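Here is the structure we will look at, set down as structure tokens.
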Amino acid sequence: MASKLCPSSPALGFSNSLLLPKSRQSTETAFPKPTTKLWRNSARSASLHQSGAEWRIPRAMSSAQSATQKQDENQNGSVSLESGTVPKDLVSLPRPLSVTDLATPPSHGSQVRVAYQGVPGAYSEAAALKAYPQCEAVPCEQFEAAFQAVELWLVDKAVLPIENSLGGSIHRNYDLLLRHRLHIVGEVQLAVHHCLLGLPGVKKEELKRVVSHPQALSQCEHTLSTLGVIREAADDTAGAAQFIAANNLRDTGAVASARAAEIYGLQILADGIQDDSDNVTRFLMLAREPIIPRIDRPFKTSIVFTLEEGPGVLFKALAVFALRDINLTKIESRPQRKRPLRVVDDSNTGAAKYFDYLFYIDFEASMADPRAQNALGHLQEFATFMRVLGSYPMDMTPTGRL
Ligand SMILES: O=C(O)C(=O)C[C@]1(C(=O)O)C=C[C@@H](O)C=C1
């Protein structure tokens with residue numbers, strides 16, 4: 001059974017590819033190839049739009065750009081923001097990568113370049129530095145840009161959030177893991193300690209709205225409801241802080257890190273405002289090549305698969321791990337975008353329509369472990385599609401704090 005795992009890389013014993021007999025690989029059509037399109041605004045941020053005078057945090061703005069953009073947007077009426085002075089030192093901050101930058105050749109220095117989503121001061125930047133302490137952290141506008149930056153050799157790795165202990169899964173990154181062909185080479189867990197930031201001299205009672213990443217806003221639900229402020233979505237926490245500073249918004253606060261306060265010259269109005277003091281985000285480290293799985297230290301393996309419709313199929317799929325005493329650490333299901341509904345015709349009751357799902361599972365075993373190889377060989381007997389996303393060391397370090 002293990003031989004069906006078709007190693008394209010002999011040292012690994014598995015490949016990041018379809019692990020099915022050729023006859024059944026037609027399921028691949030359900031999974032689109034990587035696309036060059038970048039999504040500027042994620043569905044998650046879209047969900048937090050205010051009705052009426054809706055506005056968005058422009059991403060990746062230098063302060064000069066923000067002033068021009070503010071004018072433009074006021075003219076077309078879609079944005080209404082207060083004007084203000086622009087702190088000089090904001091101009092020198094690195095600008096996040098956008099699609100136009102992806103044509104730029106990478107630098108060939110010896111330092112590892114690691115893409116993250118957001119701007120300096122984002123939790124993702126801290127996670128990148130925890131994962132690769134000596135790295136050059138490269139800000140990217142969107143998750144998709146971070147994936148592409150690795151694929152196009154602009155950077156060596158990407159570090160992206162996948163789940164949070166309060167907010168749950170970052171669904172966008174589950175979808176992107178499947179759409180792209182990168183390998184998970186590690187994980188890093190980071191304690192997320194949120195602060196409420198405002199311009200110097202502002203009191204938290206003066207705030208009318210609070211801007212942040214949707215996950216960060218939802219992690220601070222309790223504090224924000226007691227403040228009675230309007231909540232607005234930004235692409236990342238530090239971007240929200242940068243925006244307030246660049247536009248001198250006295251009535252607006254940001255949920256972000258203490259480091260973001262330092263970088264953008266904001267004041268900490270409240271500290272530790274997350275609903276639970278143990279607020280941890282798990283990030284994945286992604287690379288073009290997989291690492292060699294080992295058995296001399298705790299490893300995790302992440303896979304994605306689809307199943308036929310029918311009673312007990314998921315139970316059967318999970319049993320392949322239980323039978324071998326393999327512990328599952330995560331299960332996530334996502335609808336298949338290209339084939340959301342499965343229509344089953346029954347002459348007695350008519351046509352039933354089911355949502356069709358992709359199942360993502362993390363389990364505690366290395367792909368070098370025969371138990372894992374046998375479990376996946378077994379699963380492959382009835383899965384309609386399966387791919388190993390990566391086999392990587394478990395993060396056993398303390399979660400740290402930003
Ligand atoms: O906005 C940031 O600072 C991020 O790094 C993003 C992000 C996320 O995507 O969940 C990461 C960690 C926190 O849970 C909040 C936000």
Side-chain angles (χ1 to χ4, degrees), residues 39-59 79 81 116-119 121-127 141-143 160-173 190-199 202 204-247 249-261 264 266-283 401-402:
W39 281 267
R40 195 161 185 82
N41 299 309
S42 70
R44 286 187 299 144
S45 38
S47 67
L48 281 168
H49 277 171
Q50 296 296 314
S51 55
E54 175 184 291
W55 62 277
R56 253 188 188 292
I57 303 289
R59 300 285 300 113
V79 171
L81 297 170
Y116 69 93
Q117 189 267 333
V119 294
Y123 297 100
S124 298
E125 183 199 37
E141 278 199 355
Q142 309 90 356
F143 292 136
L160 298 171
I162 196 73
E163 59 177 325
N164 172 268
S165 55
L166 293 175
S169 296
I170 318 287
H171 294 136
R172 179 90 184 116
N173 281 334
L190 189 79
V192 172
H193 185 91
H194 289 303
C195 301
L196 178 65
L197 311 183
L199 284 175
V202 165
K204 66 178 178 207
E205 295 73 31
E206 294 172 45
L207 298 180
K208 292 197 172 58
R209 64 185 168 192
V210 169
V211 187
S212 197
H213 188 282
Q215 275 273 349
L217 291 171
S218 73
Q219 290 160 22
C220 303
E221 179 61 41
H222 179 69
T223 311
L224 297 179
S225 356
T226 54
L227 278 177
V229 288
I230 295 170
R231 292 156 221 192
E232 302 273 4
D235 282 351
D236 70 283
T237 54
Q242 183 190 44
F243 186 72
I244 290 169
N247 293 283
L249 300 172
R250 298 192 64 80
D251 66 348
T252 308
V255 173
S257 63
R259 183 167 139 73
Y264 302 107
L266 298 183
Q267 186 193 342
I268 298 178
L269 305 177
D271 197 352
I273 60 165
Q274 65 277 7
D275 290 348
D276 194 319
S277 55
D278 290 329
N279 183 24
V280 178
T281 300
R282 179 172 163 252
F283 294 78
R401 185 199 141 164
L402 182 65

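The model shown is predicted, which means the values in this text are computed figures rather than measured ones.
- Between Tyr264 and Ala241, the closest heavy-atom pair is CD1-CB, 4.0 Å.
- Between Asn173 and Pro161, the closest heavy-atom pair is ND2-O, 2.7 Å.
- The shortest side-chain heavy-atom distance between Leu269 and Leu197 does not fall under the 4.5 Å cut-off.
- Across every non-hydrogen atom of Ala245 and Leu199, the tightest pair is CA-CD2, 4.2 Å.
- Leu227 contributes atom CG, which lies 13.5 Å from atom NZ of Lys208 (distance to the nearest 0.5 angstrom).
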side-chain contact (heavy atoms from CB on, under 4.5 Å) evaluation trace for Val210 with Thr252: CA-CA 6 Å; Val210 169; Thr252 308; over 6 Å; no
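- Looking at every heavy atom in both residues, Gly253 comes nearest to Leu207 through N-CD2, 3.6 Å.
- Side-chain atoms of Gln242 do not come within 3.5 Å of backbone N or O of Thr237 as any donor-acceptor pair.
- With hydrogens and angles disregarded, a donor-acceptor distance shorter than 3.5 Å links the side chain of Asn164 to the backbone of Gly167.
- Between Ala234 and Pro214 the shortest heavy-atom distance is O-CD, 3.4 Å.
- Side-chain contact check for Asp271 and His193: at least one donor-acceptor pair (N or O, by modelled atom type) lies under 3.5 Å.
- A donor-acceptor pair under 3.5 Å links the side-chain atoms of Glu125 to the main chain of Gly121, judged by distance alone.
- If you take CG on Asp276 and CG on Leu166, they are separated by 5.5 Å, rounding to the nearest 0.5 Å.
- Put simply, the side chain of Ser212 gets close to the backbone of Val255: a donor and an acceptor are under 3.5 Å apart.
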Steps toward side-chain contact (heavy atoms from CB on, under 4.5 Å) verdict (Gln142, Asp235): CA-CA 8 Å; Gln142 309 90 356; Asp235 282 351; 5.5 Å; no
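- Two residues are said to be in side-chain contact when any heavy atoms from C-beta on lie closer than 4.5 Å; Asp251 and Arg209 meet this criterion.
- Looking at Asn279, its side chain does come within 3.5 Å of a backbone N or O of Val192 through a donor-acceptor pair.
- Although no hydrogens or angles enter the test, the distance criterion places no donor-acceptor pair under 3.5 Å between the side chain of Asp236 and the main chain of Ala122.
- Note that the CZ atom of Arg172 and the CD atom of Gln117 stand 10.5 Å from one another [nearest 0.5 Å].
- Within the 3.5 Å criterion, the main-chain N or O of Gln274 finds no donor-acceptor partner in the side chain of Gln219.
- Put simply, the side chain of Tyr123 gets close to the backbone of Ser257: a donor and an acceptor are under 3.5 Å apart.
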Evaluation steps, side-chain contact (heavy atoms from CB on, under 4.5 Å), between Leu224 and Leu217: CA-CA 8 Å; Leu224 297 179; Leu217 291 171; 3.7 Å; yes
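- With a 4.5 Å cut-off on side-chain heavy atoms, Phe283 and Leu190 count as touching.
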Candidate pair Glu221 and Arg231, rule side-chain contact (heavy atoms from CB on, under 4.5 Å), full reasoning: CA-CA 10 Å; Glu221 179 61 41; Arg231 292 156 221 192; 3.0 Å; yes
